[in-house]
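Heads up: the structure comes next, in C-alpha cells.
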Amino acid sequence: MPGSADLSVLERPVLEAAPLLLGAVLRHDGVAVRITEVEAYAGEADPASHAGRGMTPRSAVMFGPAGHLYVYLAYGANFCANVVTGPEGEASAVLLRAGEVIEGLELAQARRGTSVKRELARGPGRLCSALGIRLRDNRTDLRVGPVTLELGVPVDPALVSTGPRVGVSKAADVPWRFWLTGDPTVSAYRSGAKG
DNA sequence: GTAATGATGAACT
DNA sequence: GTTCATCATTACG
C-alpha cells in the first residue's frame, strides 16, 4: 500500500532509531528535504534533553507515541524540529539538524533568502525555515501531515559518522550525533561548553 | 507577577 | 575566531 506511511520502526530505542532517519525525506508545504544529520535525545535520563527534568507542557509531546513532530523555538528566532521516537512513555526524540533540499528548490531559496543550495537546510533552524515549519506544527502526526516523513531504505552504516552533539553544555561527551560522512549539507560543530 | 536560560544563525574582527 | 539579537519556556515569588 503505497502512501501508507509506516513509522513503527521509530518505536525502537532512540539510538537505533536515529540513524534510520538519515536519508529519510521530510515534506511540508511544497518543499522536501533529505535528512543528512540528526542528534538523539534520550529521554528523562538525558540532562541535555528538554525532557531531562520531567514532563512539562513543552516536553509532553516527547512522552507520546513515536512518529510525531516536536517543534520548539531556540534562542528566540529559530525553530528546531524533532521526530519523537521510542515506545509511548519514553521521552526520546531525534533532532533533525540538517538536510538537502530535493524538491521545491525555488520556494526553499525564497524562504531562506539565499540561492546557495547546500546552505538551504544546513542547521536545524535553517532546515525548519526552508520547509516553512513553525511552532504551530508542533505535535504533528507525521503519518498524516501537514508535515510528513517518508523512511527509505536504511543507509549503509559504513557511510554514517558519529560524534558529540552540537551546542549542548551537559552530557557533551556522548557521541549521539549521526551524519552522512562527507555530505556538504552537514552543519558545523559548535561546542556547548561554557569555559 | 519577574528573571534566567538557551538542542541557533548571522554578522563581525 | 567572537558577539549578539530575540522570545518561548521554565523556575521562582
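What you see is a predicted model; the values in this text were computed from it and never measured. Below, read A as the first sequence line, B as the second, and so on, with proteins coming before strands; counting in each chain starts at 1.
- Per the geometry, CE belonging to A/Met62 stands 14 Å off P belonging to C/dT9, to the nearest Å.
- B/dT8 atom C1' lies 14 Å from atom CD of A/Glu119, rounded to whole Å.
- In this structure, A/Glu100 does not pair ionically with A/Arg118, as no charged nitrogen and carboxylate oxygen lie closer than 4.0 Å.
- Separating the OH atom of A/Tyr189 from the C1' atom of B/dA7 is a distance of 12 Å, rounded to the nearest angstrom.
- When distances run from any side-chain atom of A/Tyr41 to the nucleotides B/dG6, B/dA7, C/dC7, the shortest one goes to B/dA7.
- Shown here, C/dT6 forms no base pair; nothing in the strands shown gives a Watson-Crick or G-U wobble contact with both key distances under 3.5 Å.
- One can place CZ of A/Arg177 at 12 Å from C1' of B/dA7, the figure rounded to the nearest angstrom.
- Other residues, nucleotides and ligands place no more than 12 heavy atoms under 6.0 Å from the CD atom of A/Glu106.
- Nearest to the side chain of A/Tyr75, among C/dT10, B/dG6, C/dA8, sits B/dG6.
- Within the cation-pi definition used here (under 6.0 Å to the ring centroid, within 45° of the axis), A/Arg97 does not qualify as a partner of A/Phe178.
- For the pair A/Leu95 CG and B/dT8 C1', the computed distance is 11 Å after rounding to whole Å.
- Atom CG in A/Leu7 sits 9.0 Å away from atom CG in A/Leu21 (nearest 0.5 Å).
- Counting atom types as modelled, A/Arg190 pairs a side-chain N or O with a base atom of B/dG9 as donor and acceptor under 3.5 Å.
- Pairing for B/dA7 is absent, with no Watson-Crick or G-U wobble pair whose two atom distances lie under 3.5 Å.
- Here B/dA7 is the nucleotide among B/dA10, B/dA7, C/dT9 with the atom lying nearest to any side-chain atom of A/Val168.
- The A/Pro124 side chain lies nearest to B/dG9 when the options are B/dA7, B/dG9, C/dA8.
- Taking atom CZ on A/Arg165 and atom P on B/dT8, their separation rounds to 11 Å, with Å as the unit.
- Here A/Arg112 reaches the OP1 or OP2 of B/dA10: one of its side-chain N or O atoms lies under 4.0 Å away.
- Put simply, NE2 on A/His50 is 9 Å from P on C/dT10, counting in whole angstrom units.
- For the pair A/Val31/A/Glu103, no side-chain contact is recorded, criterion being any heavy-atom separation below 4.5 Å from C-beta on.
- In this structure, the nucleotide among B/dA7, B/dG9, C/dT10 sitting nearest to the side chain of A/Arg126 is B/dG9.
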Checklist entry - Under the side-chain hydrogen bond (donor to acceptor under 3.5 Å, both in side chains) criterion, do A/Arg111 and A/Ser129 qualify, and how do the steps go? => result CA-CA 7 Å; A/Arg111 284 176 177 152; A/Ser129 176; over 6 Å; no

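- One can place CG of A/Asn78 at 18 Å from P of C/dC4, the figure rounded to the nearest angstrom.
- A donor and an acceptor atom sit less than 3.5 Å apart, one in the side chain of A/Tyr72 and one in the base of B/dA7.
- The side chain of A/Arg53 places no N or O atom within less than 4.0 Å of a non-bridging phosphate oxygen (OP1 or OP2) of C/dT9.
- The side chain of A/Ser49 lies closest to B/dA7, out of C/dT9, B/dT8, B/dA7.
- When each of A/Asn138 and A/Ala77 is assigned the nucleotide of DNA chain C bearing its nearest heavy atom, the one mapping closer to the 5' terminus is A/Ala77.
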